[in-house]
Number of protein chains: 2
Amino acid sequence: MKENSLLSDLAAHLFSNSSGNGRTPSERELAEHFGVSRGQVREALAILEAMRIVERRAKSGIYLTTTEASVEAMALFARAGVPLDPILIYETVELRKIHEIKAAELACDRATEENYQHLRDILGASEAKLAAGEGLAREDRDFHLEIVRATKNSVFHRVCSVYYVMGEHRLPIYFADPARSRRSHEEHIRIYEALLARDGNLAQALMSAHLQGAESYWKGLIGGPATAAE
Amino acid sequence: MKENSLLSDLAAHLFSNSSGNGRTPSERELAEHFGVSRGQVREALAILEAMRIVERRAKSGIYLTTTEASVEAMALFARAGVPLDPILIYETVELRKIHEIKAAELACDRATEENYQHLRDILGASEAKLAAGEGLAREDRDFHLEIVRATKNSVFHRVCSVYYVMGEHRLPIYFADPARSRRSHEEHIRIYEALLARDGNLAQALMSAHLQGAESYWKGLIGGPATAAE
DNA sequence: TCCTCAGATCTGGTCATACCAAATTTGCGC
DNA sequence: GCGCAAATTTGGTATGACCAGATCTGAGGA
């Protein structure tokens, strides 16, 4: 990964080192802290400002945004390992349900052989991972995104691909349980078969049930005291 | 507006002045062209790169991204006045339908008095605009976004608020017709009433019909190449 | 003790230079 | 034409400086 580590490190640092009014250290302090030039810090801050994570007030300082940050911002935090508000995870799952049930329906009408081939490839990779006793985080994401891609609506895909990465640091936990991984994989297979049969109603129903499992899981984690082993 | 004009100007410029392989002018050339320092250009480029609009290759150059740009990028272009591929507009409308029909349903369950008040305020503002013979672009967006907000799913709202701005430069055309504005406004009123009555099915149906009108309109303008595949 | 206000300080915004090393282009010699 | 080395270009990065408004500090007055 050649990811911009300064960006995520900086984001994490700003949240840990901001005063009560949301004011963060100055550009000069940040530059010194990270051992880079002010220019580098300003470049990163420009991105963070575009993501509405911070607000730069001329001659005053840098402040954490009080209003809603962008979805990109949430994804950045997820990558940076910043703990995400559980509420946001739940909301994300809810949004996924809205997106993917519809995507499954549309994909039944519009999926091409290329999409089917990709899905088969992903299922094959999943099988291999399962056999090796590994988690399916990456394959899960790929499978679901490929269905969105099969809707042939690129805006739909752009929107989904942004917030799907949010789960990248959560899914490993979810798929740590081999039984859950296996069940999820089998549900994927059935969804694939429904897509192949172009049975819109069935695909929707299967997708709904599939995501319901994830929703209950996260709801359980968020809701009562954490009883699940982690 | 205190918007970062360099950002959008730069984005537009890059698209007009890139060679066949997608290579854009160098940072130094861009700095000179816009009469700013290289640092300013680099800050803007950092944002454009984060939006996946360009790719900066060390010691080589800046290249327009061949892969899918982010939704944020589309919104930026819309603001910058860069003509958007009609296909993207149609795809956006389709995604809006997916989002808003569901939002209407959820809002029926979760809307609070605050949401209703906002909706009333927006409808009032719409009435005033209509009486003054003005378009409803802003009010239309506010109305629809408020319904999304009423779902109390902040991720949902974040996602929608990004791509809604895409329409800001299109809606004025749509609402140039007084009859269409009036009809749209009246449909908003009925949707509001359904939300107030917490009638989920009715709200969904009204929203679906409301957006169907917009969809047909844009489809008509585009010429319907999207559905020609079937 | 508390308030006021001018002066010192800090801060983001912007620009000009400079150096590096790799990628590109140029142009010489064949 | 062609190959290859030298000259040039390019992004990446750092340093230093100046501006002007925001912010903080402390002395002096009520």
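Below, chains carry the letters A, B, ... as their sequence lines are ordered, and counting in each starts from 1. A quick note: this is a predicted structure, and the numbers were derived from the prediction, not measured.
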### Query
By side chain to side chain contact (heavy atoms under 4.5 Å, CB included), which residues pair with Arg23(B), not counting sequence neighbours?
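If we apply the side chain to side chain contact (heavy atoms under 4.5 Å, CB included) test to Arg23(B), skipping adjacent residues, the hits are Ser19(B), Asn21(B), Tyr63(B).
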### Pairing residues for Gln40(B) by the side chain to side chain contact (heavy atoms under 4.5 Å, CB included) criterion, not counting sequence neighbours
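Counting only residues at least two positions away or on another chain, Gln40(B) forms a side chain to side chain contact (heavy atoms under 4.5 Å, CB included) with Leu6(B), Val36(B), Ser37(B), Glu43(B).
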### Message
Any residue in residues 28-43 of chain B with a heavy atom nearer than 4.0 angstrom to DNA chain D? Just list them by number, or reply none.
### Response
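Arg28(B), Glu29(B), Arg38(B), Arg42(B), in order of number.
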### Message
Donor-acceptor check, side chain of Ser70(A) to backbone of Met51(A), threshold 3.5 angstrom: yes or no?
### Response
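Yes; at least one donor-acceptor contact below 3.5 Å.
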### Task
May I ask you to decide if Glu29(A)'s main-chain N or O and Glu32(A)'s side chain share a donor-acceptor pair within less than 3.5 Å?
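Checking the backbone N and O of Glu29(A) against the side chain of Glu32(A), no donor-acceptor pair under 3.5 Å is found.
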### Query
In terms of ring plane angle, is the pair His210(B) and His144(B) parallel, tilted or perpendicular, where the classes change at 30° and 60°?
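Because their plane-to-plane angle is under 30°, the rings of His210(B) and His144(B) count as parallel.
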### Integer-rounded Å distance: dT11(C) P and Arg56(A) CZ
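Interatomic distance, CZ of Arg56(A) to P of dT11(C): 15 Å.
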### Task
Give the rounded distance in Å between these two atoms: OH of Tyr63(B) and P of dA23(C).
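Between P of dA23(C) and OH of Tyr63(B): 11 Å.
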### Pairs where residues 22-57 of chain A contributes a residue and the test ring-ring contact (aromatic ring centres under 6.0 Å, His included) is met, not counting sequence neighbours
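The answer is His13(A)-His33(A), His13(A)-Phe34(A).
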### Pairs meeting criterion ring-ring contact (aromatic ring centres under 6.0 Å, His included) with involvement of residues 117-143 of chain A, two or more places apart
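Of all non-adjacent pairs touching residues 117-143 of chain A, those that pass ring-ring contact (aromatic ring centres under 6.0 Å, His included) are Phe143(A)-His188(A).
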#### Entry: Test: Glu146(A) and Arg149(A) ion pair at under 4.0 Å
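Judged by the 4.0 Å cut-off on N to carboxylate O distance, Glu146(A) and Arg149(A) do form a salt bridge.
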### Query
Going 5' to 3' along nucleotides 5-10 of chain C, which nucleotides have protein heavy atoms under 4.0 Å from the base (write B), which only from the sugar-phosphate (write S), and which from neither (write -)?
------
